[in-house]
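So the structure is just underneath, and the comments pick up after that.
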2 protein chains.
Amino acid sequence: MEGKEQLERARERVIDVVAQNMDLYGVTDSIGRLYGMLMFQENPMTLDEMKEELGMSKTSMSTSVRTLLELKMVDKVWKKGVRKDLYKAESDWYQNFIDFFAIKWRSAISENVLEMKKSLVELNSLVNRDDVEEELKELANSDINKLKNALDYYDWLNRFVDSLESKEIFELIPMKKPE
Amino acid sequence: MEGKEQLERARERVIDVVAQNMDLYGVTDSIGRLYGMLMFQENPMTLDEMKEELGMSKTSMSTSVRTLLELKMVDKVWKKGVRKDLYKAESDWYQNFIDFFAIKWRSAISENVLEMKKSLVELNSLVNRDDVEEELKELANSDINKLKNALDYYDWLNRFVDSLESKEIFELIPMKKPE
DNA sequence: CAGTACGTACAGTTTTTTCTGTACGTACAG
DNA sequence: CTGTACGTACAGAAAAAACTGTACGTACTG
């Protein structure tokens, strides 16, 4: 009966490393651990089962699951006759990557672009004023230039995210075909 | 003399939003603010100047700069006759994006791949044992399958990062040409 | 070869974040 | 309609992270 432990060890190793590196997705170690654990479950899980499995409070499970739902790394599952909410891990890693960009990066991009455009307007008006020293205008022009470069980059980044969402990226960088 | 404030306001707005969203790069708000501030400096800055500008301790500036150096978002600059270390922001946003993946994601990938391969070996040996119930073997096979999928994804992700580092990505998703 | 300027290791403090337990609203069951 | 099961808001406790000041090692200066 040592085979079960061997399986457990193999899983635990993966869960650990996944949890550690999920900070790239902006989540904590615990949330990463939850995801890793769900990943190996055959059946969808309830909050109480997660609580049991990870030895944490139900409240934590509730908020962690919500975070993972927002990232679309976890899906809510409906099952006839079961009152408790059920959750399962999204096991398509490509899709997780895509959603992460579509959700987090996309919104950061639009925030940044919005504010930069506001500042661009302000700087342009500054440059066009008559009562401003030449020296200051030069600074403003230099800033304008920097912002334009940033906006070009964000334009590119948006097109990159587009290519993820449309899966076009996989024509450019093909998925490895499963043997 | 209100033009200077207009410039300052325009800069501050951008610095704020950049600082907020730099958590995508895994850095804190303060570090993001430091980067944003450096971005608008015409000349490289010393730790003391940063400390002055941001009203923080020199120790903080030292560690924050180190973080930004590791991400290659800031470069050390040598200037004849100046004893203090000088730093300037890397202003190529594309390059920042590329370096982030080349540094952070690449190392997460290899860690994950390493551990997953270890677990794969273990699971394979489990499946090939004679003294293990069929049921357990099925679980192991299911895990093996999951890990293989993950490894395929990491293979793809590595190729994606390759295409960033080689700049090949820009043939696929072209930069916006500055007008 | 002092003396000074600089950057950072380290320990302690403050702030922020994470985690927990309780309490409550909702919904279903009998 | 009452009772029970469930998920989560919220407040407080625990843990982690960020920040600071001091102290020290190194390297340049005169």
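Below, chains carry the letters A, B, ... as their sequence lines are ordered, and counting in each starts from 1.
A salt bridge is defined here as a Lys NZ or Arg NE, NH1 or NH2 lying under 4.0 Å from an Asp or Glu carboxylate O, and A/Lys118 with A/Glu115 meets this definition. A salt bridge links B/Arg106 with B/Asp162; the closest basic N to acidic carboxylate O contact falls under 4.0 Å.
For A/Asp155, the side-chain hydrogen bond (donor to acceptor under 3.5 Å, both in side chains) partners at least two apart in sequence or on another chain are A/Arg159. The ring-ring contact (aromatic ring centres under 6.0 Å, His included) search around B/Tyr87 returns none, not counting sequence neighbours. Partners of B/Tyr94 by ring-ring contact (aromatic ring centres under 6.0 Å, His included), not counting sequence neighbours, listed by chain and number: A/Tyr153, A/Trp156, B/Phe170.
A donor-acceptor pair under 3.5 Å links the side-chain atoms of B/Asn124 to the main chain of B/Leu120, judged by distance alone. With B/Glu90 contributing its side chain and B/Asp92 its backbone, the two residues share a donor-acceptor pair below 3.5 Å.
Each of A/Leu139 and A/Val121 belongs to its own hydrophobic cluster when Ile, Leu, Val, Met, Phe, Trp and Tyr are linked at side-chain heavy-atom distances under 4.5 angstrom.
A/Glu52 has its CD atom 13 Å from the P atom of C/dT20, to the nearest Å. Between the CZ atom of B/Arg33 and the C1' atom of D/dA18 there is a distance of 15 Å, rounded to whole Å. The distance between atom CG of B/Leu54 and atom C1' of D/dA18, rounded to the nearest whole Å, is 15 Å.
Close placement of the B/Tyr25 and A/Trp105 rings is indicated, their centers lying within 6.0 Å of each other.
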Given protein heavy atoms under 4.0 Å, the one-letter contact record of nucleotides 11-19 of chain C, with B base, S sugar-phosphate only and - none, is simply -------SS
Under a 4.0 Å heavy-atom criterion, the protein footprint on nucleotides 1-8 of chain C, written with B, S and -, is ----BSSS
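Across every non-hydrogen atom of A/Asp29 and A/Ala19, the tightest pair is O-CB, 3.6 Å.
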Taking Watson-Crick and G-U wobble contacts under 3.5 angstrom, with | marking pairs to another strand and [ ] crossing pairs, the secondary structure of DNA chain C is written ||||||||||||||||||||||||||||||
